[in-house]
Amino acid sequence: MPAQMIQGRETRISDMNLFADIRALVVATLEQMVAQDALPVDLSFDAITVEPPRDAAHGDMATNAAMVLAKPAGMKPRDIAEALSTRLTADERITSAEVAGPGFLNLRLAPSVWQQVAGGVLEAGTDFGRSALGQGVSVNVEYVSANPTGPLHVGHTRGAVFGDALASLLDYAGFDVTREYYINDGGAQVDVLARSVYLRYLEAHGQEVAFPDGTYPGDYLIAVGEALKDKVGDAYVDEDESVWLEEVRDFATDAMMDLIRADLEALGVEMDVFFSEKSLYGTGRIEAALADLESKGLIYEGVLQPPKGKKPEDWEPREQTLFKSTDHGDDVDRPVKKSDGGWTYFAPDIAYHYDKVQRGFDQLIDVFGADHGGYVKRMKAAVSALSEGRVPLDIKLTQLVKLFKNGEPFKMSKRAGTFVTLRDVVDQVGPDVTRFVMLTRKNDAMLDFDFDKVLEQSRENPVFYVQYAHARVSSVMRKAAEAGIATDDAVLRQADLTKLDHEAELALLRKLAEWPRLVETAARSNEPHRVAFYLYELAGDFHGLWNRGNDTPALRFLQEGDAATSQAKIALARSVAIVIAAGLGILGVTPAQEMR
RNA sequence: GGACCAUUAGCUCAGCUGGAUAGAGCGCUGCCCUCCGAAGGCAGAGGCCAGAGGUUCGAAUCCUCUAUGGUCCGCCA
């Protein structure tokens, strides 16, 4: 399935991706060689890459073309590389092409090529790096999808930030993105919610109530109980559950969703679609999805083997209605009906994904917490079966967040009421810091979140370090304005960028040139954390150049009495700020104009 | 018993889908403040990429097995 997804995103059209440009040049040159009988026909150029070398001393870009083609062409890598080298250097952008190592071709590009990167950034603004990778491909990203039984906690926060940043990243890469939240409002847990709210309702009427096991004792339901009282008065006080359950359930889930929407808003997350599980019941939609599977011969009555190793106390073999998910890569077949005839949790999930497939999405992504890892295979099996392999489903799991306070682990307990909510986090450190920090780890790695450290203003705090770089550029712009130097982007675009000829400046330009490529790489792997790491590196390079200005006045962004040179250098600084702003925009973080 | 994820410097983690001598921050060692912002800067030491096999021109990356840690394992959601 991943292979299909990668293929689906293979259309690469980029106007400002230098690496793609040079790769195109390499491929065109190879085709020319084929036409001149310097290479055999029918070679595939797909595996050829042009990328930044690990070691900058090797050059600006490296291509593996000779090594990839050596075997199928029946030639020595060095011979191909030599021939390619001669032809490539004819292009004015290439100043040298040296064969190295096992057959790498190391390319050096003319300074003017790099200098033009700043012009490209100023021209495109925060659209610099937008890609056509996902052109014409629609993606549905489902995330958060927390049960509507209470406020979002810190675990949901990571999923919310990750899913939202991923959606933005894909949008930036040209995909047609839908952000979606699946409301689990159809199962037994919303009945539990209803009973809990009912108890708070009785409490609002002055009764003493106790919260037995299996109810939610949280304070956040007090207001809901009171609101229910305001709405229905004492109509349900002495009534049986059968009278009030349905209405109280709807009332309570609506209230919880209001709460959750407000939480998401505080974090800056905005969904396109809220999809109700309940809408699948009693409308024939679950039946329709299962009928689809049945028509493919994937539904049968059978008995599952008990799990080995640990024996459930009350295990009894039972005949159940099963989905033959093993036909689509799962380990065991999965029940879709409970022994009492009701649907399992899996059944509406199948129907929900069936709905997504029918809405015509080309790709699906689900973001789950790591504790739902066991559902990955069955969901993929379901989507594979329902779409007959047409729609790839990628499931991203977000690992636990471990909370710390000043280096000390922060104990959470639902019973003691000390569990940390999304709101707690956002109120303490703000949405920008929350979001950035949540993306400073790969999604499937555990994340330490220290309430104090994330607010520290030091190099080891990436949030600060990146924001500081952006703020420093703003500071330069302000100082330039005070010195009477025009710094509008329109003016900077006319600056003489050939003045950016110092190696340190060219290095920073090279880093900027990597941005479009990084966007595509991150989007292909559905990994927004790569954006955060890139920004940290870019900020580091920028700070490095800034610091060199301490010893080398010629590298300072403001050159007293030389407006033309100042403008060229400011164009570079401004380009850095633009890319940082674009990257932060993907992460949902507001760039800082100054540090406080 | 099984599935999934992790394992990279003393610590916390990246590593661009298979490329060259494996990187960053912290910590450690040594230098550096009349200087656009020292809430720092520069340089250095530090690695058998958990272990063992395999795939090929080439592996931290892909495959198999092993070890350790985490998550999960009819009808709960």
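Keep in mind that what you see is a predicted model, and the values were worked out from it rather than measured. Chain identifiers are assigned alphabetically (A, B, ...) following the order of the sequence lines, protein sequences preceding nucleic acid strands; residue numbering begins at 1 within each chain.
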Choose from [options] the nucleotide whose nearest atom is closest to any side-chain atom of [X].
| X | options | value |
| --- | --- | --- |
| A/Tyr465 | B/G41, B/A77, B/C13 | B/G41 |
| A/Asp448 | B/A20, B/G41, B/U12 | B/U12 |
| A/Gln320 | B/C75, B/A20, B/G40 | B/C75 |
| A/Arg472 | B/G70, B/G37, B/G19 | B/G37 |
| A/Ser525 | B/U17, B/A14, B/C76 | B/U17 |
| A/Pro53 | B/G15, B/C36, B/A20 | B/A20 |
| A/Ser475 | B/A77, B/U12, B/G37 | B/G37 |
| A/Tyr468 | B/G25, B/G37, B/G19 | B/G37 |
| A/Ala188 | B/A14, B/C76, B/G15 | B/C76 |

Does [N] pair with anything, Watson-Crick or G-U wobble, both distances under 3.5 Å, and if so, with which nucleotide?
| N | result |
| --- | --- |
| B/C49 | none |
| B/C42 | B/G30 |
| B/U61 | none |
| B/A14 | none |
| B/C75 | none |
| B/U55 | none |
| B/G37 | none |
| B/G69 | B/C5 |

Base, sugar-phosphate, or nothing: which does [X] touch, judged by heavy atoms less than 4.0 Å apart?
| X | value |
| --- | --- |
| A/Ala445 | sugar-phosphate |
| A/Arg441 | sugar-phosphate |
| A/His529 | sugar-phosphate |
| A/Leu518 | nothing |
| A/Arg517 | base |
| A/Lys337 | nothing |
| A/Pro335 | sugar-phosphate |

What is the distance, to the nearest angstrom, from the [atom1] atom on [X] to the [atom2] atom on [N]?
| X | N | atom1 | atom2 | result |
| --- | --- | --- | --- | --- |
| A/Asp371 | B/G70 | CG | C1' | 12 Å |
| A/Asp444 | B/G69 | CG | C1' | 15 Å |
| A/Leu397 | B/G70 | CG | P | 18 Å |
| A/Asn443 | B/C4 | CG | C1' | 14 Å |
| A/Lys453 | B/C11 | NZ | C1' | 10 Å |
| A/Phe464 | B/G40 | CZ | P | 7 Å |
| A/Asp450 | B/U12 | CG | P | 14 Å |
| A/Glu520 | B/U17 | CD | C1' | 14 Å |

Pairwise side-chain hydrogen bond (donor to acceptor under 3.5 Å, both in side chains) hits with a residue in residues 542-558 of chain A, at least two apart: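 Passing the test, one end in residues 542-558 of chain A: A/Arg472-A/His543.
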OP1 or OP2 of [N] sitting under 4.0 Å from any side-chain N/O of [X]?
| X | N | result |
| --- | --- | --- |
| A/Lys442 | B/C13 | no |
| A/Lys377 | B/C73 | no |
| A/Lys71 | B/C57 | yes |

Return the polar atom pairs (N/O with N/O) between nucleotides 26-35 of chain B and the protein under 3.5 Å, or none.
unit_1: B/C35; atom_1: O2'; unit_2: A/Arg556; atom_2: NH1; d: 3.3
unit_1: B/C35; atom_1: O2'; unit_2: A/Arg556; atom_2: NH2; d: 2.6
unit_1: B/C35; atom_1: O2; unit_2: A/Asn550; atom_2: O; d: 2.7

Over 12 foreign heavy atoms within 6.0 Å of [atom1], [X]:
| X | atom1 | value |
| --- | --- | --- |
| A/Lys453 | NZ | no |
| A/Asp213 | CG | no |
| A/Lys402 | NZ | no |
| A/Glu456 | CD | yes |

Chi-based syn or anti call at B/U66, which uses purine or pyrimidine torsion atoms and a 90° bound: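 What B/U66 shows is an anti base, its glycosidic angle lying more than 90° from 0.
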Base orientation of B/C33, syn vs anti, 90° cut from 0: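 It is syn.
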Is the distance between the ring centroids of [X] and [Y] less than 6.0 Å?
| X | Y | result |
| --- | --- | --- |
| A/Phe557 | A/Phe542 | yes |
| A/Tyr536 | A/Tyr534 | no |
| A/Tyr182 | A/Tyr352 | yes |

Parallel, tilted or perpendicular, as decided by the 30° and 60° cut-offs, for the rings of A/Phe323 and A/Phe346: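 The arrangement is tilted - the two ring planes meet at 30° to 60°.
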Plane angle bin for A/His372 and A/Phe368 - parallel if under 30°, tilted between 30 and 60°, otherwise perpendicular: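 Tilted.
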Given the [atom1] atoms of [N] and [M], what is the spacing between them in whole Å?
| N | M | atom1 | answer |
| --- | --- | --- | --- |
| B/G69 | B/C32 | P | 49 Å |
| B/C13 | B/U8 | P | 9 Å |
| B/C72 | B/C11 | P | 27 Å |
| B/U64 | B/A77 | C1' | 37 Å |
| B/U7 | B/G51 | P | 13 Å |
| B/G25 | B/G18 | P | 27 Å |
| B/A22 | B/A59 | P | 13 Å |
| B/U21 | B/U34 | C1' | 42 Å |

Face-to-face stacking of A/Trp546 with B/C36, centres under 5.5 angstrom, angle under 30°: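 Whether judged by distance or by angle, A/Trp546 passes, so it stacks on the base of B/C36.
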Stacking check A/Phe104 vs B/A20 (5.5 Å / 30 deg):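 Check passed, A/Phe104 stacks on base of B/A20.
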First of A/Phe533 and A/Leu304 reached from the 5' end of RNA chain B, by closest nucleotide: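 On the 5' side of the pair lies A/Phe533.
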Aromatic A/Trp343 / basic A/Lys337 pairing, under 6.0 angstrom, 45° off normal: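 Yes, a cation-pi geometry.
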Over all atoms of both residues, closest heavy-atom pair of A/Ala62 and A/Asn106: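 Looking at all heavy atoms of both residues, the shortest contact is CB-OD1, 3.6 Å.
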